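Model, not experiment: these values are computed from the prediction.
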Amino acid sequence: MRLRVEFTTEPFDLDEAPAHAVVAREVIQGAELDAVDVGPFGNTAEGGADEVLTAVDSLLRQALASGATRVSLQVNVIGEGAP
C-alpha cells in the first residue's frame, strides 16, 4: 500500500524556520520516501506504508521534542504497490 502524508508544525515564525519545523523536514527528507515536497506552509511525501508510518512516528516525536505545540497531519492511501 502507498501512502501520502501532508503535515505542518506550529507555532509558525514567518521570519525564520523554527527548530521543530527544521527537524520535521529533516526527518521526512532523510526517510526512504519519494515525491518529497517541503515548503513554508506545508510538506508532503509519498511512499510505502511502512516507510511513511515509520517517518510519521519519528516526525511526531522529534518535532514535539523540538518545541512544536501542534502538528497537523493527514495520511491518505494513494494506491497499492510501487510508484
Side-chain angles (χ1 to χ4, degrees):
M1 173 184 324
R2 287 188 50 77
L3 302 175
R4 175 183 298 124
V5 61
E6 301 174 49
F7 69 93
T8 58
T9 62
E10 296 177 36
F12 294 115
D13 182 340
L14 297 177
D15 294 326
E16 183 177 334
H20 59 81
V22 173
V23 165
R25 290 177 190 153
E26 288 174 350
V27 167
I28 291 300
Q29 290 174 321
E32 295 182 24
L33 303 174
D34 46 77
V36 174
D37 183 25
V38 296
F41 299 108
N43 309 282
T44 61
E46 297 177 6
D50 288 340
E51 292 79 11
V52 169
L53 295 174
T54 297
V56 166
D57 177 69
S58 184
L59 178 153
L60 290 171
R61 291 176 189 276
Q62 292 187 44
L64 293 170
S66 297
T69 57
R70 178 180 177 133
V71 179
S72 300
L73 65 90
Q74 181 173 322
V75 177
N76 294 302
V77 175
I78 58 171
E80 296 295 326

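Between Glu6 and Asn76 the shortest side-chain heavy-atom distance falls below 4.5 Å. A 4.5 Å side-chain heavy-atom check between Ile28 and Asn43 finds every atom pair outside the cut-off.
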Checklist entry - Can you check side chain to side chain contact (heavy atoms under 4.5 Å, CB included) on Leu3 and Val77, steps first, answer last? => result CA-CA 5 Å; Leu3 302 175; Val77 175; 3.7 Å; yes
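For Gln29 against Val38, the heavy-atom pair with the smallest separation is NE2-CG2, 3.5 Å.
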Donor-acceptor pairs are to be reported for all side-chain atoms of residues 58-68 against protein atoms at under 3.5 Å, with residues two or more places apart or in another chain.
residue	atom	partner	partner atom	Å
Ser58	OG	Gln62	NE2	2.8
Arg61	NE	Asp57	OD1	2.9
Arg61	NE	Asp57	OD2	3.2
Arg61	NH2	Asp57	OD1	3.4
Ser66	OG	Gln62	O	2.9

Expected list for residues 18-27: side-chain donor-acceptor pairs under 3.5 angstrom, two or more places apart:
residue	atom	partner	partner atom	Å
His20	ND1	Thr9	OG1	2.9
His20	NE2	Pro11	O	3.1
Arg25	NH2	Gly39	O	3.0

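Val71 and Leu53 fall within a single hydrophobic cluster, where Ile, Leu, Val, Met, Phe, Trp and Tyr side chains are chained together by heavy-atom contacts under 4.5 Å. Under the 4.5 Å side-chain heavy-atom criterion for Ile, Leu, Val, Met, Phe, Trp and Tyr, Met1 and Val5 are members of the same hydrophobic cluster. In this structure, Ile78 is not a member of the same hydrophobic cluster as Val36, with clusters built from ILVMFWY side-chain heavy atoms closer than 4.5 Å.
Applying the salt bridge (Lys or Arg N to Asp or Glu O under 4.0 Å) definition to pairs two or more places apart or across chains, those involving residues 9-23 are Glu10-Arg70.
Salt bridge present: Asp34 and Arg2 bring a charged side-chain N and a carboxylate O closer than 4.0 Å.
For Glu51, the side chain to side chain donor-acceptor pair (under 3.5 Å) test picks out no residue, with sequence neighbours left out.
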